[in-house]
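Notes to accompany the following structure.
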2 protein chains.
Amino acid sequence: MSDASYDRSRCSVAGTLAVVGEKWSLLLLREAFLGVRRFADFQQALGAPKAVLTDRLATLVQEGILRKEPYQADGSRQRHEYRLTSKGRDLYPTLVALMQWGDRHLADGPPPLALVHADCGAPVRVALVCDDGHEVAGPRDVRPHAGTPTG
Amino acid sequence: MSDASYDRSRCSVAGTLAVVGEKWSLLLLREAFLGVRRFADFQQALGAPKAVLTDRLATLVQEGILRKEPYQADGSRQRHEYRLTSKGRDLYPTLVALMQWGDRHLADGPPPLALVHADCGAPVRVALVCDDGHEVAGPRDVRPHAGTPTG
DNA sequence: ATGCTGGGTTCACTTGACGAACTCAGTAGG
DNA sequence: CCTACTGAGTTCGTCAAGTGAACCCAGCAT
């Protein structure tokens with residue numbers, strides 16, 4: 001994927017999905033945000049086929065979203081683990097937005113996971129804000145504004 | 001999809017992706033947010049195969065994200081168009097988050113589309129905030145906090 | 001040398017995406 | 001009435017992607 005699919009001209013959503021839109025990629029990143037770093041742990045948490053995980057991890061490393069770091073445990077040989085880069089960490093709001101929608105609209109009970117601000121303990125959510133500091137309610141309060149047209 | 005795939009127990013990201021995670025779904029919604037409502041216009045904007053669009057639109061209607069509304073133009077027979085429901089509009093922050101990441105990390109130039117606050121004209125972005133009003137910088141300032149454990 | 005473990009690769013099979021061709025309802029023109 | 005046209009699909013053959021089980025390999029322990 002990565003460049004062949006989708007058309008990025010209308011906006012960057014397509015570009016982002018070309019990088020993280022394949023099956024399992026975003027779930028893999030969710031696990032990464034929850035602290036998972038090793039192949040076997042990703043596999044156990046997700047239940048995805050190994051071949052797919054191998055492929056997705058390689059893609060994410062190649063895209064600079066994860067990076068391989070060597071480590072070694074107890075009496076085992078040296079291996080590597082997968083860690084988020086800052087580019088990867090920038091996907092956090094996207095994951096939280098997906099989670100928040102699911103919590104609100106698919107709930108069979110209380111949300112399975114809540115996020116709280118480490119400093120103050122208050123619940124964390126995603127919001128749309130403008131640079132003048134107003135909170136924006138939704139798409140109706142936003143005007144899209146095309147930049148340079150399709151090149 | 002919709003229920004067979006993924007495991008929703010760890011958090012709602014999987015649930016949301018089960019609904020909108022198939023290829024073209026989120027791009028279709030992007031177009032909906034840009035004002036597209038008719039089958040042929042979705043097809044032209046996206047270039048996706050008709051069979052896939054038919055399927056994705058039906059899924060989104062079934063999930064209550066889009067709704068079919070009758071309309072008729074000039075001297076044509078009555079048809080229906082697809083419009084966002086409030087459940088669908090709640091996906092706006094997710095789309096903006098995806099777009100923002102692409103703008104930041106995939107840029108070959110200026111972003112193809114900018115969003116401005118209709119009231120004040122200032123640029124709009126997604127942010128993580130806590131209920132005490134602090135802006136949260138990233139995953140490191142957030143503690144996950146499991147609710148009811150895996151059923 | 002034998003077995004165990006983490007991190008893969010290979011392979012047969014099923015599911016999903018693709019694009020071209022076909023369908024069908026209604027409207028317009030002749 | 002017959003024909004052509006349009007929007008919104010459906011059908012179909014082909015190709016790509018995801019799935020699950022089996023296999024591989026390095027190194028540590030026995």
Side-chain angles (χ1 to χ4, degrees), chain A residues 1-7 14 17-29 31-32 35-63 66-83, chain B residues 1-7 14 17-29 31-32 35-63 66-83:
Chain A
M1 208 182 227
S2 253
D3 33 303
S5 303
Y6 298 121
D7 165 23
L17 289 175
V19 175
V20 297
E22 287 170 300
K23 203 170 180 187
W24 300 108
S25 295
L26 285 166
L27 292 173
L28 214 155
L29 289 168
E31 295 304 321
V36 171
R37 294 204 251 264
R38 311 223 281 246
F39 190 95
D41 295 337
F42 283 115
Q43 209 210 334
Q44 204 207 326
L46 298 175
K50 296 170 110 186
V52 175
L53 286 182
T54 305
D55 182 87
R56 289 313 105 92
L57 287 166
T59 301
L60 292 171
V61 168
Q62 201 188 316
E63 295 290 342
L66 297 177
R67 113 186 84 94
K68 278 169 133 168
E69 290 272 297
Y71 79 97
Q72 79 206 66
D74 56 305
S76 298
R77 93 179 118 151
Q78 172 157 308
R79 295 189 166 280
H80 53 267
E81 55 188 13
Y82 298 90
R83 293 166 147 265
Chain B
M1 211 184 226
S2 251
D3 32 303
S5 303
Y6 298 122
D7 166 22
L17 289 175
V19 175
V20 298
E22 288 171 299
K23 201 171 181 187
W24 300 108
S25 295
L26 285 166
L27 292 173
L28 215 154
L29 289 169
E31 295 303 322
V36 172
R37 294 203 252 265
R38 311 222 283 245
F39 190 94
D41 295 337
F42 283 115
Q43 208 210 333
Q44 203 206 326
L46 298 175
K50 296 170 108 188
V52 176
L53 287 182
T54 305
D55 183 85
R56 290 312 105 91
L57 286 166
T59 301
L60 293 170
V61 168
Q62 201 188 318
E63 295 290 343
L66 297 177
R67 116 186 81 94
K68 278 170 134 167
E69 288 272 296
Y71 79 96
Q72 81 207 66
D74 55 306
S76 298
R77 92 179 119 148
Q78 172 156 309
R79 294 188 166 282
H80 53 265
E81 55 187 14
Y82 298 90
R83 294 168 145 264

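Proteins get letters first, then strands, A, B, ... in listed order; numbering begins at 1 in each.
- Counting only N and O atoms by type, the side chains of B:Y71 and B:R37 include no donor and acceptor under 3.5 Å apart.
- As rounded to whole Å, 14 Å separates atom C1' of C:dA17 from atom CG of B:L46.
- A salt bridge does not link B:R79 with B:E81: every distance from a Lys NZ or Arg NE/NH1/NH2 to an Asp or Glu carboxylate oxygen is 4.0 Å or more.
- Residue A:K50 holds its NZ atom at 8.0 Å from OG1 of A:T54, rounded to the nearest 0.5 Å.
- Distance, B:F39 CZ to C:dA25 P: 18 Å, rounded to whole Å.
- Rounded to whole Å, the distance from CG on B:D55 to P on D:dA8 is 17 Å.
- Using a 4.0 Å cut-off, no side-chain N or O of B:K23 falls inside it from OP1 or OP2 of D:dA16.
- The side chain of A:V52 has D:dT19 as its nearest neighbour among C:dG8, C:dG7, D:dT19.
- The phosphate of D:dT19 has OP1 or OP2 within less than 4.0 Å of a side-chain N or O from A:W24.
- Counting only heavy atoms from C-beta outward, the side chains of A:E31 and A:L46 approach each other to under 4.5 Å.
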Problem set entry | Contact state string [nucleotides 21-30 of chain D, B base, S sugar-phosphate only, - no protein heavy atom under 4.0 Å] | -----BSS--
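- Phosphate contact (OP1/OP2 of C:dA25, side-chain N/O of B:H80, threshold under 4.0 Å): absent.
- At whole-Å resolution of the value, CD in A:E22 and C1' in C:dG16 are 13 Å apart.
- Between A:Y71 and C:dG7, a side-chain N or O to OP1/OP2 separation shorter than 4.0 Å is present.
- A:D41 has its CG atom 10 Å from the C1' atom of C:dG6, to the nearest Å.
- Side-chain atoms of A:S25 do not come within 3.5 Å of backbone N or O of A:G21 as any donor-acceptor pair.
- For D:dG7, the OP1/OP2 oxygens have no side-chain nitrogen or oxygen of B:Y82 closer than 4.0 Å.
- Taking atom CG of residue A:L27 and atom P of nucleotide D:dT19, one finds them 11 Å apart after rounding to whole Å.
- As judged by a 4.0 angstrom heavy-atom cut-off over every strand, B:F42 is placed among residues making no nucleic acid contact.
- Between A:V36 and A:L28 the shortest side-chain heavy-atom distance does not fall below 4.5 Å.
- In this entry the distance linking CD of A:E81 with P of C:dG8 reads 12 Å, nearest Å.
- Listed for the B:R56 side chain is no donor-acceptor partner under 3.5 Å among the backbone atoms of B:L26.
- Put simply, CG on A:L57 is 15 Å from C1' on C:dT9, counting in whole angstrom units.
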